[in-house]
*Asks:* 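First the structure, then my questions, so here it is.
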Amino acid sequence: MFTNVIVKTPGKSYLNGLTTSDLGEPIYNVLLEQHKAYVEALKQCGVNVTHLPANEAFPDSTFVEDTAVLTSDFAVICNPGAASRNREIEDMEPAIRKFYDKIYFIEGTGTVDGGDVLQAEDHFYIGISERTNEEGARQLKGILEKEGYEADIIPLKEFFHLKTGIAYVGENRMVLAGEFVDHPAFDSYEKIIVSKEDEYSANCIQVNDYVIIPKGYEATKRQLNEAGLQTIELEMSEFQKHDGGLSCLSLRF
Ligand code: CIR
């Protein structure tokens with residue numbers, strides 16, 4: 001069960017943030033509406049929301065997930081791999097300190113984006129990507145193992161972040177797309193497979209009794225519902241324009 005989430009309002013500078021997509025320029029008012037609906041959906045899932053104000057100095061900082069890895073009893077502050085995003089952790093640390101006494105840091109040349117880290121019960125998967133390097137993954141694995149978790153490192157071939165293509169939705173069920181569908185690391189899970197054209201919906205989040213998914217992916221929704229999961233659908237167009245998905249917009253703990 002999650003009891004808390006941290007989110008951060010996107011600033012106007014979001015329009016100048018990083019993106020690899022060609023989906024067009026985000027519309028700020030629509031972006032704010034979509035963020036508001038996201039926060040309402042989280043409340044529907046029964047969590048307390050810590051809502052941080054926008055910080056115009058960091059255009060991508062609404063994607064709070066990349067700044068930290070939070071477990072039930074300790075936090076790891078990441079060292080985000082994009083230069084323009086690295087100092088987002090300065091804003092996040094005080095918010096995280098309100099909840100945690102035990103805090104680790106990814107240090108030195110090691111970089112980790114939280115979007116590359118997936119928890120499935122007591123097992124973590126850490127992607128090596130353009131943002132998370134081998135040294136960062138090694139540091140994080142060391143911290144997690146010291147704390148009694150298992151951790152596997154998964155070098156990515158195509159996905160931007162690990163969680164771009166995978167989500168854990170409880171009770172040994174994994175939503176998988178692309179390079180993860182046949183990846184041996186996930187063979188022991190019950191697989192919910194997402195097709196190439198629906199790939200964006202592999203980034204969904206289970207929050208207590210619900211799975212929040214992006215709107216417009218009927219096949220993914222149907223599969224989740226057939227697996228006995230209740231879904232909430234949200235419009236995500238303005239976040240998708242900047243390579244963001246549902247998991248990126250919150251830290252859940
Ligand atoms: C970035 O390039 O960092 C942002 N525009 C998108 C970050 C998405 N975060 C995530 O997948 N965890």
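We count ligands from 1, going down the list as the structure has it; atoms in each ligand are counted the same way. All of these numbers come straight from a predicted model, not from anything done at the bench.
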*Asks:* Under a strict 4.0 Å criterion on non-hydrogen atoms, which protein residues are in contact with ligand 1?
*Replies:* Leu18, Asp60, Phe63, Glu65, Asp66, Arg85, Gly115, Arg131, Phe160, His161, His242, Asp243, Cys248

*Asks:* What class does the angle between the rings of Phe180 and Phe186 fall in, given that below 30° is parallel, 30 to 60° is tilted and above 60° is perpendicular?
*Replies:* perpendicular

*Asks:* Whether the Thr9 and His51 side chains hold a donor-acceptor pair (N or O, under 3.5 Å, no angle test) is what I'd like checked.
*Replies:* yes

*Asks:* Verify the distance criterion only: is there a donor paired with an acceptor across the side chains of Glu121 and Tyr168 at less than 3.5 Å?
*Replies:* yes

*Asks:* Is a donor from one side chain sitting under 3.5 angstrom from an acceptor on the other, for Asn203 and Ser247?
*Replies:* yes

*Asks:* Please tabulate, one pair per line, all N/O donor-acceptor pairs under 3.5 Å involving side-chain atoms of residues 187-194, not counting sequence neighbours.
*Replies:*
unit_1: Asp187; atom_1: OD1; unit_2: Lys191; atom_2: NZ; d: 3.1
unit_1: Tyr189; atom_1: OH; unit_2: Tyr125; atom_2: OH; d: 2.8
unit_1: Lys191; atom_1: NZ; unit_2: Val181; atom_2: O; d: 2.7

*Asks:* Would you give the length of the straight line joining atom SG of Cys45 to atom CZ of Arg252, rounded to the nearest 0.5 angstrom?
*Replies:* 10.5 Å

